[in-house]
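The next block holds one structure in the form of structure tokens; read it before the comments.
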Amino acid sequence: MRSALLPFSFVLAAACVSMAQAQADTSPNTIYVHANILTGAHLRGNDPSGVPARATALAVTNASVVAVGGDEELLRLKGPHTQVVDLDGAFVMPGFNDAHTHMASGGQQRLSVDLDATPSLADMLERIKAYTASAKPGQWIQGAGWDHTLWANKTLPSRQDLDTVTGGHPAVFYRTDGHIVVANSAALLAAGISSATTAPQGSKIDRDKDGVPTGIVRESPAIAMIMAKVPPPDPDVRRKALEVAIADALAHGVTSVQDFSDWDDWLVLESMEHTGKLNLRVSEWMDFNLPLSTLKRRRATHDANDPLLHLGQLKAFMDGSLGSRTAALREGYADDPNNSGLSRYEQDKVNNMAAERAAAGFQLGFHAIGDEANDVALNAFEAAEQVGVPADAKAQMAHPDSDVSEGAPAEYTGKDMRFRVEHAQVVLPEDFERFHTLGVVASMQPSHLLTDMKWAGDRLGPERSKDAYAWRSMLDHHVPLAFGTDYPVESISPFRGLYSAVTRANEGRTMTFHTEQRLTIQEAIYAYTQGSAYAEFRETRKGRLEAGYLADFVVLDHDLTKATPDEILRTKVLRTVVGGRMVFQAGNQVMPSGRKAALDAE
């Protein structure tokens with residue numbers, strides 16, 4: 001009897017020893033060696049980190065960096081189960097964090113009529129005609145990406161143009177900046193837009209000499225009248241669109257995005273996370289205009305500390321865009337003096353709403369393009385900062401436009417507010433210092449200048465142009481910079497943004513725009529990694545490659561710090577790693593998704 005039990009006892013004892021050994025094994029999961037690693041430390045002055053600016057090896061355990069240093073040093077950490085990856089001298093840097101995207105829109109544009117870079121109205125109409133040929137009866141035809149400033153005559157399209165190719169289908173197409181649509185006659189009829197229609201505040205319906213709508217509708221209050229009639233995409237279409245956009249981001253070395261998509265898209269992202277199919281870190285924004293009770297309820301549905309997916313700031317629009325001449329300017333447009341753009345809020349209203357939401361602990365991010373809109377945004381932030389003052393702290397002087405009492409409200413959270421202006425393209429000279437004084441983050445998109453410089457000077461005139469796309473002025477005033485792309489308004493490629501930041505020249509090098517506002521490549525990389533992480537309260541986990549940070553990095557075919565501007569522009573991503581797991585490799589599809597836990601730091 002006893003001898004019969006011996007084999008089982010032996011197996012059990014051996015298993016216990018094996019488990020103990022496994023538990024005692026503290027060696028890294030993966031060690032990357034023979035690399036040229038830019039750790040992110042010391043990109044800016046006064047960096048106290050003891051990590052060197054450069055290293056050749058990186059060790060990863062449970063989605064986080066555990067060590068960085070030399071090959072020989074880190075290989076001593078190798079254990080029996082450690083995977084060693086030889087990067088053959090390639091350049092490695094922290095993954096890019098795009099501080100401003102619209103991921104769902106980017107994917108949906110690919111799935112509909114993609115009008116990006118159409119060189120003429122005729123080409124735009126040909127693409128629409130080809131798509132419509134296979135449309136189901138009554139189907140709405142949608143698309144985005146057209147830009148009339150690229151066309152020879154620079155004339156806006158009209159409903160009559162669309163009517164010739166849409167075969168009676170209702171149709172609506174967003175301009176590349178998302179602030180104008182052109183709709184055909186059937187779409188205008190469905191929305192009830194006629195000669196008698198009054199555009200809501202902050203928007204405009206263009207009309208011909210007889211007062212009849214031309215098909216051009218400017219800004220979301222009026223655009224919403226049309227979009228309310230368009231059947232929303234179902235969850236499967238939303239998921240496919242997000243998968244397309246996420247694949248695009250990973251292929252360009254972007255490991256995190258700060259995104260503004262619909263709530264239904266957020267629910268799809270949650271589903272992707274729960275099933276282990278989300279490969280990209282996402283900070284999702286909510287609509288500033290939603291009732292505060294709705295915002296609180298939604299915030300409570302998801303862990304704010306989730307390293308893969310979380311809810312971030314509240315987004316509001318102060319104005320439109322320069323390309324559409326709807327950006328709100330203090331003075332009229334230089335090439336349209338009777339037009340100073342469209343403001344979306346009265347100052348008192350946005351002040352009160354901002355203060356209420358700040359008191360509830362929400363970060364605020366305001367889209368502001370024109371100098372007037374930026375000033376309105378800063379006024380609102382100043383008003384909001386009168387709330388949330390701890391009882392034992394000196395109260396700030398009340399902003400003259402604020403009717404919110406000073407002191408600590410019941411919901412005071414004690415958090416740093418880090419209010420943000422999204423875009424900040426044109427700023428009054430005196431407002432640079434206000435950005436600094438208020439601690440406002442300038443979330444900017446340098447690749448916009450590549451598109452805009454051919455007409456921005458005409459829109460703004462020489463004096464205002466000096467303070468436009470003013471990255472250097474922001475840094476010189478000690479304003480935190482966070483870089484992004486506004487995808488799909490621009491390509492999600494960070495290399496276009498880096499190129500623009502260091503050259504302020506168009507891609508053909510035939511034109512420049514106020515080169516005194518250029519940055520160094522180190523400053524631009526910082527803004528695209530650590531600056532973006534700071535803007536989403538993640539600067540202690542993202543943007544650097546050192547112990548305790550998430551193992552999010554990219555392997556590139558050029559050392560960006562030594563590359564010429566043209567080499568920066570042509571840089572290719574060799575692989576993208578999120579949480580220590582390769583999610584993109586050049587020449588291959590996005591790598592199969594693993595479980596959510598593989599991306600989460602423990």
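No hydrogens, no waters, no symmetry mates; every other heavy atom, side chains included, goes into these values.
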Heavy-atom side-chain contact between [X] and [Y] under 4.5 Å:
| X | Y | result |
| --- | --- | --- |
| V92 | L38 | no |
| E507 | L569 | yes |
| N279 | R581 | yes |
| Y174 | I180 | no |
| N97 | T255 | no |
| W266 | L309 | yes |
| V181 | F173 | no |
| M93 | T529 | yes |

Short side-chain to backbone donor-acceptor contact, [X] and [Y], under 3.5 Å:
| X | Y | result |
| --- | --- | --- |
| T132 | I128 | yes |
| S203 | A199 | no |
| D552 | G579 | yes |
| R575 | M582 | no |
| S500 | P446 | yes |
| T576 | L250 | yes |
| S324 | S321 | no |
| D123 | T118 | no |

- salt bridge (charged side-chain N to carboxylate O under 4.0 Å, His left out) between K542 and E536, intermediate numbers included: CA-CA 10 Å; K542 294 182 183 180; E536 61 162 332; 2.9 Å; yes
- How long is the span from the CD1 atom in I525 to the CG atom in L43, to the nearest 0.5 Å? 6.5 Å
- In this structure, CG of L308 is separated from CG of L278 (nearest 0.5 Å) by 4.5 Å
- Carefully, step by step, assess D98 and Y528 under the rule side chain to side chain donor-acceptor pair (under 3.5 Å). CA-CA 7 Å; D98 193 313; Y528 237 127; 4.7 Å; no
- Task: Under the salt bridge (charged side-chain N to carboxylate O under 4.0 Å, His left out) rule, what do E539 and R418 come out as? Steps first, then yes or no, please.
- Result: CA-CA 12 Å; E539 73 274 14; R418 295 191 197 177; 2.9 Å; yes
Pairs under 3.5 angstrom only: tabulate donor-acceptor contacts from the side chains of residues 223-236 to other protein residues two or more places apart or in another chain.
from	atom 1	to	atom 2	distance (Å)
D234	OD1	D236	N	3.0
D234	OD1	V237	N	2.8

- CA sep, side-chain torsions, deciding dist, call: E422, S443, side chain to side chain donor-acceptor pair (under 3.5 Å): CA-CA 5 Å; E422 303 298 322; S443 174; 2.7 Å; yes
- In sequence, state the C-alpha distance, the side-chain angles, and the governing distance for R544 and Q530, and then conclude on side chain to side chain donor-acceptor pair (under 3.5 Å). CA-CA 7 Å; R544 297 165 76 104; Q530 297 175 58; 3.0 Å; yes
Give me the atom names and distance for the closest heavy-atom approach of [X] to [Y].
| X | Y | result |
| --- | --- | --- |
| A501 | F483 | CB-CE1, 4.2 Å |
| S532 | A527 | OG-O, 3.1 Å |
| V554 | G253 | CG1-O, 3.1 Å |
| Y469 | H448 | CE2-CB, 4.4 Å |
| V182 | R159 | CG2-N, 4.4 Å |
| L560 | T571 | CD2-OG1, 3.5 Å |

- Message: Could you walk me through whether V257 and M103 satisfy the side-chain contact (heavy atoms from CB on, under 4.5 Å) test, starting with their C-alpha distance in whole Å, then the side-chain angles of each, then the deciding distance to 0.1 Å, before giving a yes or no?
- Response: CA-CA 9 Å; V257 297; M103 298 297 285; 4.1 Å; yes
- Task: Apply side-chain contact (heavy atoms from CB on, under 4.5 Å) to the pair T149 and R175, showing each step before the final yes or no.
- Result: CA-CA 11 Å; T149 69; R175 187 181 181 274; 3.7 Å; yes
- Would you please indicate if the ring centroids of F495 and F96 are separated by under 6.0 Å?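 Yes, ring centres under 6.0 Å apart.
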- Query: Taking only residues two or more places apart in sequence or in another chain, which ones pass salt bridge (Lys or Arg N to Asp or Glu O under 4.0 Å) with D262?
  - Reply: R238
- salt bridge (Lys or Arg N to Asp or Glu O under 4.0 Å) against R357, all qualifying residues, sequence neighbours excluded: none
Could you tell me how the ring of [X] sits relative to the ring of [Y]: parallel (under 30°), tilted (30 to 60°) or perpendicular (over 60°)?
| X | Y | value |
| --- | --- | --- |
| H179 | H367 | tilted |
| F366 | F381 | parallel |
| H100 | H102 | perpendicular |

- Task: Check whether more than 12 heavy atoms from other residues, nucleotides or ligands sit under 6.0 Å from atom NZ of K454, and answer yes or no.
- Result: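 Yes - once you tally the heavy atoms of other residues, nucleotides and ligands closer than 6.0 Å, there are more than 12.
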Output yes when [X] and [Y] qualify as a salt bridge under the 4.0 Å nitrogen-oxygen rule, no when they do not.
| X | Y | value |
| --- | --- | --- |
| R344 | E219 | yes |
| D248 | R110 | yes |
| R496 | E490 | yes |

- Test side chain to side chain donor-acceptor pair (under 3.5 Å) applied to Q109 and D114, step by step: CA-CA 5 Å; Q109 180 172 322; D114 191 350; 3.0 Å; yes
- Between N184 and T166, does any side-chain donor sit less than 3.5 Å from a side-chain acceptor?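 Yes.
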- Query: Just checking, R299 and F362: is the charged tip under 6.0 Å from the six-membered ring centre and within 45° of the axis?
  - Reply: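 Satisfied, under 6.0 Å and within 45°.
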- Verify ring pair (Phe, Tyr, Trp, His ring centres under 6.0 Å) between Y526 and Y534, making sure each step is shown before the conclusion. CA-CA 10 Å; Y526 187 98; Y534 175 85; 9.2 Å; no
- Message: Using the side chain to side chain donor-acceptor pair (under 3.5 Å) definition, which of the options R538, R281, E284 pairs with H310?
- Response: R538
